[in-house]
Amino acid sequence: MNPSTPAADAALERAQTQVEASRSGQTPRPVVQGFFDEPTHTATFVVHDPMSRAAAVIDSVLDFDPASGALSFTAADRVIDYVRTEHLTVAWILETHVHADHLSAAPYLQGQLGGRLAIGRGIVAVQETFGKLFNAGTAFARTGAEFDRLFEDGDRFGLGGLEATALHVPGHTPADLAYVIGDAAFVGDTLFMPDYGTARADFPGGDARQLFRSIRRLLSLPDATRLFLCHDYKAPGRDRFVTETTVAAQRAGNVHVRDGTAEDDFVAMREARDRTLAAPRLIMPSIQVNMRGGRLPEPEENGTRYLKIPLTTGRG
Ligand SMILES: [Fe+2]
């Protein structure tokens with residue numbers, strides 16, 4: 001949905017009201033625990049309602065060594081240990097988008113912890129694009145059927161006694177969602193820390209202008225909204241990873257989109273910067289797996305699963 005439509009504005013207003021209710025104590029304040037995966041610079045979050053102990057896991061990581069093809073579960077097992085130690089009940093396993101830099105552990109977590117797997121409705125368009133790229137054939141339905149729920153802009157969902165709203169924030173990819181849960185917004189790959197800026201917008205279906213508008217929409221949430229980021233890369237001069245900030249901090253100091261930044265200036269900067277960026281190290285494995293909700297390709301007749309790499313040549 002276009003974020004400038006009245007329905008989308010109503011969605012934002014609901015999210016604003018929800019954040020205020022959580023900040024003022026009318027509704028519970030969610031507890032958020034982050035898990036940073038250094039090899040992929042990805043933050044996974046477990047968010048829970050302190051009263052009911054209902055929880056959601058957002059943007060999980062499956063360890064993958066592309067040289068050997070070895071998959072492992074160290075990062076996911078840390079999340080599972082935390083959920084069990086804290087006696088949480090997982091209601092949702094959420095993805096902000098089809099990641100291009102790490103494999104999702106969603107099916108593994110769902111098998112261990114339960115919960116419903118969800119992503120944005122735009123996944124269908126992303127599946128269409130990448131189904132073609134990987135020549136996935138008719139066995140890959142491209143209907144989002146790998147997920148238990150596809151959220152639209154403004155959809156509300158429960159997490160115990162917490163209120164939650166999905167906001168469609170396209171730009172990095174066409175399907176990106178931000179999940180606003182109580183006073184905490186999980187913004188995926190839109191914003192990074194204020195000293196690092198914003199996510200790239202040059203993947204298929206990405207759009208710098210859309211990204212700017214999505215970010216300004218997120219920055220219309222109340223100043224005190226806690227923002228949780230999917231990645232951190234340490235800005236120059238900072239020696240530790242940080243993945244939590246606030247709307248106020250982003251509006252005052254984000255090096256790409258602080259208040260007063262003109263949309264056209266952002267678009268020119270973002271597009272110029274994106275032209276200098278290499279493809280992410282794990283883009284081919286990540287997309288192939290994540291477009292299927294984190295499920296691996298079916299085994300071949302020898303029982304082994306394989307990933308594909310489409311080859312291109314610079315020569316015409
Ligand atoms: Fe991403």
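Just follow the structure's listing: the first ligand is 1, and inside any ligand the first atom is 1. Below, each value reflects all heavy atoms present in this structure, side chains not excepted, and no hydrogens, waters or symmetry copies. Nothing here was measured: the structure is a model prediction, and the numbers come from that model. For this chain, numbers begin at 1 and follow the sequence in order.
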- Message: Closer than 3.5 angstrom, by distance alone: can the side chain of Asp101 be matched with the main-chain N or O of Pro280 as a donor-acceptor pair?
- Response: no
- Note on the structure: All heavy atoms of Ala199 vs all of Asp189, minimum pair found to be CB-O, 3.3 Å
- Query: How about Asp176 and His168: does a side-chain donor come under 3.5 Å of a side-chain acceptor?
  - Reply: no
- Message: Less than 3.5 Å apart, any donor N or O on the side chain of Glu95 or Asn290 sitting next to an acceptor on the other?
- Response: no
- Task: Give every protein N, O or S atom lying under 2.8 Å from the Fe ion (ligand 1), naming each by residue and atom.
- Result: His97 NE2, His172 NE2, Asp189 OD2
- Message: Quick test of your reading of the model: are Arg200 and Asp202 salt-bridged, counting only N-O distances below 4.0 Å?
- Response: yes
- Message: Taking atom CD as the centre, does Glu298 end up with more than 12 heavy-atom neighbours from other residues, nucleotides or ligands that are less than 6.0 angstrom away?
- Response: no
